[in-house]
A.B. asks: 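My questions all concern the structure below.
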2 protein chains.
Amino acid sequence: MFMITLTEENYIKAIYHLGKQGHEMVNTNALAEAMNTKASSATDMIRKLAEKDYANYKKYKGVSLTESGKKIAVNIIRKHRLWEVFLVEKLNFTWDEVHELAEELEHIKSKKLIDELDAFLGHPTHDPHGDPIPNKDGEMTLVEKTLLSQAQINMKYSCLGVNDSSSEFLQYLNNNDIGLGAIIEVMHIEPFDKSISIKANGKLLTVSQSVAKNLYLKKI
Amino acid sequence: MFMITLTEENYIKAIYHLGKQGHEMVNTNALAEAMNTKASSATDMIRKLAEKDYANYKKYKGVSLTESGKKIAVNIIRKHRLWEVFLVEKLNFTWDEVHELAEELEHIKSKKLIDELDAFLGHPTHDPHGDPIPNKDGEMTLVEKTLLSQAQINMKYSCLGVNDSSSEFLQYLNNNDIGLGAIIEVMHIEPFDKSISIKANGKLLTVSQSVAKNLYLKKI
DNA sequence: ACCATGGTTTAGGTTGGTCTAAAAATATAC
DNA sequence: GTATATTTTTAGACCAACCTAAACCATGGT
């Protein structure tokens, strides 16, 4: 029996996210930070994952996922994002409320559950934050995304998603009527602090550089 | 912060069920058996639960739930049964497939989730096995139930639920077209082995005593 | 009243995931 | 190219939940 623990799953997911879909090496400190734990604990877990062949590990050189590790990560992400869609579409949650709850739900182990949920939701392709949902086979459609911080002046964009999905950031967006699909036009970029004046759904608004770095757009 | 672990929740639930809604004392061996563990482990956990004031415990005398323990148990049961309804009504599960999955889902911690789910399902009062679903305040409607093994001859009943919700038993019922609400008429009771001949949804069928002891009926 | 028996608790040990503190390896600075 | 700083690993311990084995209580039979 190949038992995989909750904690192992969470480390695998963190390695996947930190290493850009699991391709780059992730260093121990970054992983420990992401897991809210200490480097020594991360080292222990990394060894265990390598032992079980979910991760590639060379001492002092960082960690990356093996194919089997990536498969696990993608499956968890699929579950996470499907649950998010469910919560928002069916249970009246808002996009800033779903992340933590989905972190719990993503660990429920049942293939049938997730496939039926997928069908029940009409096989959605993106979650409420604009992130793509992997299909049964782990494939997902990667869309060309531009950060608002790199958008061109006088161009029109639509809002595709966010990078940081903390509720603070999402609530900031809510307060300014920016959601998925919002129409955003870049009016002016202030050279001094790189803050950006935009027209969002018709309303004028100036956003800081750090906001701009967390908002994904698509040219329209 | 009052942290309650998954394992603690499962022990509390087991004490509740074994002690008939938490009123009777439960002995250590029975609890260990139900939890698939050893008596010594059960003792450890019982002490911890008593420590946290979820259980009343006198050495060598067994364990029962305190009011706060009962509240926790009822809440878990509410979650369990609502998830079962969801799985059957929305995700095409059959009544014999849902129990184990609901054992996982019942531990998800979110008040909003469960209240929204309740509303989404139209505030159901019974789960797919006929068991009552506690409301927000932990109240549930206890219906007068008769076991088939105690039913009277020549009377008509409708199927209210089951005692044993193992998938083996539920599949046996499926194979004989017996589900919730099925009309059951007691035709004959064999004195020798107490097997019972019934007409179930019009079809004649003879069931053993052990089946009869697990099927709840209501006079109609 | 005693003792055998079975149920229950204690003692001591294991495992998974965590920690702190110290040692080892690598990276950076001059 | 050596010294210093940073990152990573190791060593040793802790806690929750479990185990086995031994000691402990309670009860029922004689």
Side-chain angles (χ1 to χ4, degrees), chain A residues 1-19 24-65 69 72-73 76 103-104 106-107 109, chain B residues 1-19 24-65 69 72-73 76 103-104 106-107 109:
Chain A
M1 195 58 183
F2 306 112
M3 212 42 182
I4 180 157
T5 69
L6 208 176
T7 316
E8 285 168 356
E9 286 194 350
N10 282 330
Y11 271 92
I12 288 174
K13 191 176 46 142
I15 296 169
Y16 183 88
H17 281 132
L18 290 172
E24 289 174 19
M25 282 287 180
V26 174
N27 39 270
T28 308
N29 269 355
L31 184 55
E33 164 101 0
M35 291 299 300
N36 264 306
T37 183
K38 295 296 149 71
S40 53
S41 308
T43 302
D44 285 351
M45 182 54 80
I46 290 168
R47 300 170 83 111
K48 184 147 67 119
L49 294 178
E51 192 77 24
K52 293 194 177 186
D53 214 58
Y54 299 137
N56 305 115
Y57 174 50
K58 279 277 167 61
K59 269 196 199 178
Y60 297 100
K61 297 292 177 189
V63 63
S64 66
L65 293 179
I72 290 170
I76 298 171
E103 299 258 286
E104 266 186 87
E106 73 191 5
H107 299 290
K109 286 171 187 17
Chain B
M1 196 59 187
F2 308 113
M3 212 43 179
I4 180 158
T5 69
L6 208 177
T7 315
E8 285 167 355
E9 285 194 349
N10 282 330
Y11 271 91
I12 288 174
K13 192 176 46 141
I15 296 169
Y16 183 89
H17 281 133
L18 290 171
E24 289 175 18
M25 284 287 181
V26 174
N27 40 269
T28 308
N29 269 356
L31 184 55
E33 164 103 359
M35 292 300 299
N36 264 304
T37 183
K38 294 297 151 69
S40 54
S41 307
T43 302
D44 284 352
M45 181 55 79
I46 290 168
R47 299 167 80 111
K48 185 149 64 120
L49 294 179
E51 192 77 25
K52 293 194 177 185
D53 215 59
Y54 299 137
N56 306 115
Y57 175 51
K58 279 275 168 60
K59 268 196 202 180
Y60 298 99
K61 298 290 178 190
V63 63
S64 66
L65 294 178
I72 289 169
I76 298 172
E103 299 257 287
E104 267 186 86
E106 73 191 7
H107 299 291
K109 287 172 187 16

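In what follows, chains carry the letters A, B, and so on, assigned in the order in which the sequence lines appear, proteins first and then strands, with residues in each chain numbered from 1. Since the model is a prediction, treat every value here as computed from it, not as a measurement.
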A.B. asks: Could you walk me through whether Glu103(B) and Asn10(B) pass side-chain contact (heavy atoms from CB on, under 4.5 Å), step by step?
C.D. replies: CA-CA 9 Å; Glu103(B) 299 257 287; Asn10(B) 282 330; 5.7 Å; no
A.B. asks: Which part of the nucleic acid, if any, lies within contact of Thr37(B), taking any heavy atom under 4.0 Å across all strands shown: a base, the sugar-phosphate backbone alone, or nothing?
C.D. replies: sugar-phosphate
A.B. asks: Need to verify one output field. Residue with the more 5' nearest nucleotide on DNA chain C, Lys58(B) or Met45(A)?
C.D. replies: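 The residue closer to the strand's 5' end, by nearest nucleotide, is Lys58(B).
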A.B. asks: Looking for any heavy atom pair under 4.0 Å, which part of the strands does Asn27(A) touch: base, sugar-phosphate only, or nothing?
C.D. replies: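 Answer is sugar-phosphate: Asn27(A) comes under 4.0 Å of backbone atoms only.
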A.B. asks: Report the nucleotide, chosen from dT9(C), dC18(D), dT9(D), that has the shortest atom-to-atom distance to any side-chain atom of Ala39(A).
C.D. replies: dT9(D)
A.B. asks: Checking contacts here: which listed nucleotide (dC19(D), dT8(D), dT9(C)) is nearest the side-chain heavy atoms of Asn29(A)?
C.D. replies: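 The closest nucleotide is dT8(D).
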A.B. asks: What nucleotide among dT9(C), dT18(C), dC19(D) has an atom nearest to a side-chain atom of Ser41(A)?
C.D. replies: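 The answer is dT18(C), which lies nearest to the side chain.
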A.B. asks: At 4.0 Å (heavy atoms only), tell me whether Ser40(B) reaches a base, stays on the sugar-phosphate, or touches nothing.
C.D. replies: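 Base contact.
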A.B. asks: Please list each protein N or O that sits under 3.5 Å from an N or O in nucleotides 23-29 of chain C, with the distance.
C.D. replies:
unit_1: dA25(C); atom_1: O4'; unit_2: Tyr60(A); atom_2: OH; d: 3.4

A.B. asks: What is the nucleic acid contact for Thr43(B), judged by heavy atoms within less than 4.0 Å: base, sugar-phosphate only, or nothing?
C.D. replies: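 Answer is base: heavy atoms of Thr43(B) come under 4.0 Å of a base.
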A.B. asks: Consider side-chain contact (heavy atoms from CB on, under 4.5 Å). Of Val63(B), Thr37(B), Ile46(B), which one does Tyr11(B) pass it with?
C.D. replies: Thr37(B)
A.B. asks: Applying a 4.0 Å non-hydrogen cut-off, can you work out what Thr7(B) is touching in the nucleic acid: base, sugar-phosphate, or nothing?
C.D. replies: sugar-phosphate
